[in-house]
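Below is one structure, written out as structure tokens, with a few remarks after it.
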Amino acid sequence: MNFRLLVSLVAIASFTLSGCTNTASMGSFWLGDDGAITHDAEPVQVPNRSGLVYTPDSRDRQYQQHVAVEPGYKDPMHNGFFPTQTHKRLNDYASQLAMELMDNATRLTHQDMVGVASFVRLNHTLDDAPILGNQLSEYLIAELQDFGLAIVDFKLAGGITVTPIGDFVFTRQGERLAKQVEMDHVVTGTIIEDDRGVRVNARIVSLQNKQVVASANVYIPAFIVMDLNKIDSQQANAF
């Protein structure tokens with residue numbers, strides 16, 4: 001024989017006299033012969049003229065949270081964490097990279113001319129620079145200059161191009177770049193992607209002897225990268 005637990009009358013819930021404030025019912029529970037508890041969304045009606053009304057307490061809400069598991073739940077340990085809001089941005093990770101690079105830099109002076117290149121995916125070509133790689137290099141220009149490095153912008157054209165929509169001095173066309181750009185070192189790196197985020201490996205390399213004079217790495221969570229990809233996709237669709 002099954003016994004139906006009237007949670008408004010037994011052990012779990014508390015009661016107040018009629019006329020007092022009532023809250024929404026949390027439903028009822030069934031206790032089987034085998035001791036298994038099942039949940040019923042419909043509340044058990046309080047007997048008429050009993051003078052009692054149902055008021056759920058914290059134990060009811062705890063059980064309700066236990067039985068009402070959100071569908072599609074994913075374990076963050078296996079699928080990564082995707083918050084609805086975060087105070088961290090890509091420039092925060094660029095600042096961390098710059099700090100670590102300068103902390104372990106060797107044979108690098110403030111007189112050395114340093115260029116900052118795009119970060120690329122670690123694959124067989126080493127020439128695939130996603131939006132993350134390009135934005136990281138832009139942020140690092142400002143971050144490294146704050147440490148006193150002499151930063152060279154090699155994307156500067158040989159002159160200013162005046163057009164009806166603006167006056168431009170940057171270019172990625174090789175024939176329009178400034179002919180003489182002196183650099184002693186270059187900042188670059190690789191990115192390795194997985195399901196939970198991106199591992200960024202940065203380094204400062206001497207152009208004279210290819211020696212790595214500083215290195216650092218940082219792990220950027222997937223939700224930061226996905227926001228960048230959304231922006232990149234929206235901008236691509238706008239043109």
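The structure presented is a predicted model; accordingly, all values stated were derived computationally and were not measured.
Applying the side chain to side chain donor-acceptor pair (under 3.5 Å) rule to Asp184 yields no partners; only residues at least two apart in sequence or on another chain are considered. Considering only residues two or more places apart in sequence or on other chains, Thr125 meets the side chain to side chain donor-acceptor pair (under 3.5 Å) condition with Asn123, Asp127. Applying the side chain to side chain contact (heavy atoms under 4.5 Å, CB included) criterion to Val218, with sequence neighbours excluded, gives Tyr93, Gln96, Leu97, Val200, Ile220. Under the rule for a side chain to side chain donor-acceptor pair (under 3.5 Å), Thr190 has no partner lying at least two apart in sequence or in another chain. Checked against side chain to side chain donor-acceptor pair (under 3.5 Å), Asn104 has no partners two or more places apart in sequence or in another chain.
Sorted by first and then second residue, the side chain to side chain donor-acceptor pair (under 3.5 Å) pairs with a member in residues 108-120 read Thr109-Asp112, Ser118-Asn134; sequence neighbours excluded. Listed by first and then second residue, the salt bridge (Lys or Arg N to Asp or Glu O under 4.0 Å) pairs that reach into residues 94-105 come to none, sequence neighbours excluded. Every pair tested for salt bridge (Lys or Arg N to Asp or Glu O under 4.0 Å) that includes a residue from residues 197-223 fails, sequence neighbours excluded, so the list is empty.
Heavy atoms only, all atoms of each residue included: Val212 and Ser215 are closest at CG1-CB, 4.4 Å. Taking both residues in full, the closest heavy atoms of Pro130 and Asp128 are given as CD-O, 3.3 Å, listed atom of the first, atom of the second, then distance. The two residues Arg107 and Gln211 make their nearest non-hydrogen contact at NH2-NE2, 2.6 Å.
Side-chain contact between Leu132 and Leu90: present, with at least one pair of heavy atoms (C-beta onward) separated by less than 4.5 Å. Within the 4.5 Å cutoff, the side chain of Val152 has no heavy atoms near those of the Val114 side chain. Residues Met113 and His185 form no side-chain contact, since every pair of their non-hydrogen atoms from C-beta on lies 4.5 Å or further apart.
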Next item on the list: Might you work through the side-chain hydrogen bond (donor to acceptor under 3.5 Å, both in side chains) test for Asp92 and Ser95, ending with a clear yes or no?
Entry: CA-CA 5 Å; Asp92 295 316; Ser95 177; over 6 Å; no
Item checked: Test side chain to side chain contact (heavy atoms under 4.5 Å, CB included) applied to Ile204 and Val186, step by step -> CA-CA 6 Å; Ile204 302 178; Val186 63; over 6 Å; no
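Hydrophobic clustering of Ile, Leu, Val, Met, Phe, Trp and Tyr side chains at less than 4.5 Å, counting indirect connections, keeps Tyr219 apart from Tyr139.
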Can you give each donor-acceptor pair under 3.5 Å made by side-chain atoms of residues 154-171, sequence neighbours left out, with the distance rounded to 0.1 Å?
| from | atom 1 | to | atom 2 | distance (Å) |
| --- | --- | --- | --- | --- |
| Thr161 | OG1 | Arg176 | NH2 | 2.4 |
| Thr163 | OG1 | Ile165 | N | 3.4 |
| Thr163 | OG1 | Gly166 | N | 3.2 |
| Thr163 | OG1 | Gly166 | O | 2.7 |
| Thr171 | OG1 | Gln173 | N | 3.0 |

Please set out all donor-acceptor pairs under 3.5 angstrom arising from side-chain atoms of residues 140-147, sequence neighbours excluded.
none

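With rounding to the nearest 0.5 angstrom, the CZ atom of Phe119 is 9.5 Å from the CD1 atom of Ile191.
Hydrophobic clustering, defined by side-chain heavy atoms of Ile, Leu, Val, Met, Phe, Trp and Tyr closer than 4.5 Å, groups Ile192 together with Val120, Leu122, Leu126.
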